Amino acid sequence: VSRKKPEFTISVGDSPDDESMFRNTDYSISFNNDPDYENIHGFNMRSSDFSDLVEFIISIKEERDEIKRNKG
């Protein structure tokens with residue numbers, strides 16, 4: 001089975017158990033993580049509204065698309 005490698009990857013987690021995933025993606029977001037844990041590989045986000053996370057991921061994609069258009 002042939003698989004196409006993704007052009008860009010984003011991971012979302014909330015604990016130290018997610019460290020290896022965070023290290024192996026282009027951009028990582030720790031969402032509502034334990035107060036004793038900080039994602040040193042990417043962004044830490046706290047919100048009571050999951051849609052904030054969705055909007056943030058969309059903004060990352062839009063920013064990457066804009067950069068690609070400008071390099072074109």
Side-chain angles (χ1 to χ4, degrees):
V1 173
S2 175
R3 291 188 182 185
K4 184 178 176 184
K5 183 179 176 192
E7 182 179 314
F8 183 76
T9 54
I10 298 173
S11 60
V12 178
D14 66 355
S15 73
D17 294 337
D18 298 316
E19 284 286 325
S20 64
M21 174 179 63
F22 288 159
R23 282 192 305 273
N24 289 295
T25 56
D26 297 304
Y27 198 96
S28 63
I29 305 164
S30 181
F31 185 71
N32 290 341
N33 52 298
D34 184 319
D36 295 333
Y37 171 70
E38 181 178 341
N39 173 13
I40 62 169
H41 304 286
F43 187 77
N44 295 280
M45 177 181 231
R46 300 201 69 73
S47 177
S48 60
D49 189 345
F50 190 74
S51 66
D52 291 339
L53 175 63
V54 173
E55 288 175 19
F56 185 63
I57 291 171
I58 290 169
S59 74
I60 293 168
K61 182 186 180 324
E62 289 172 346
E63 183 178 312
R64 284 190 46 83
D65 290 348
E66 181 69 22
I67 290 169
K68 285 172 69 175
R69 276 193 296 275
N70 290 333
K71 283 184 176 181

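Computed from a predicted structure; not experimentally measured. The figures here come from the full heavy-atom set of this structure, side chains too, leaving out hydrogens, waters and symmetry mates.
Residues V54 and F8 are members of one and the same hydrophobic cluster, defined by side-chain heavy-atom contacts under 4.5 angstrom among Ile, Leu, Val, Met, Phe, Trp and Tyr. In the hydrophobic clustering of this structure, I40 does not group with M45; members are Ile, Leu, Val, Met, Phe, Trp, Tyr whose side-chain heavy atoms approach within less than 4.5 Å, directly or through other members.
Shown here for E19 and H41, the closest heavy-atom pair between the two residues is OE1-NE2, 2.7 Å. Across every non-hydrogen atom of N24 and T9, the tightest pair is O-OG1, 4.3 Å.
A side chain to side chain donor-acceptor pair (under 3.5 Å) with N39 holds for exactly one of S11, S28, S30; it is S28.
The CZ atom of F22 sits 7.5 Å away from the OG atom of S15 when rounded to the nearest 0.5 Å. Interatomic distance, I10 CD1 to R64 CZ, rounded to the nearest 0.5 Å: 8.5 Å. Rounded to the nearest 0.5 Å, atoms CZ (R46) and CG (D14) are 9.5 Å apart.
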*Step by step, would you call D18 with N33 a side chain to side chain contact (heavy atoms under 4.5 Å, CB included)?*
CA-CA 11 Å; D18 298 316; N33 52 298; over 6 Å; no
_Go through it in stages, so that I can follow the logic: the residues are D52 and S47, the test is side chain to side chain donor-acceptor pair (under 3.5 Å), and I'd like the CA-CA distance, side-chain angles, deciding distance and then a yes or no._
CA-CA 7 Å; D52 291 339; S47 177; 2.4 Å; yes
*Go through the steps for L53 and V12 under the test side chain to side chain contact (heavy atoms under 4.5 Å, CB included), then give the verdict.*
CA-CA 9 Å; L53 175 63; V12 178; 3.8 Å; yes
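Surrounding CD of E66 are more than 12 heavy atoms belonging to other residues, nucleotides or ligands, all under 6.0 Å away.
With ring centers used as reference points, F31 lies under 6.0 Å from F50.
We find that D65 and R69 are not joined by a salt bridge, their nearest charged nitrogen and carboxylate oxygen being 4.0 Å or further apart.
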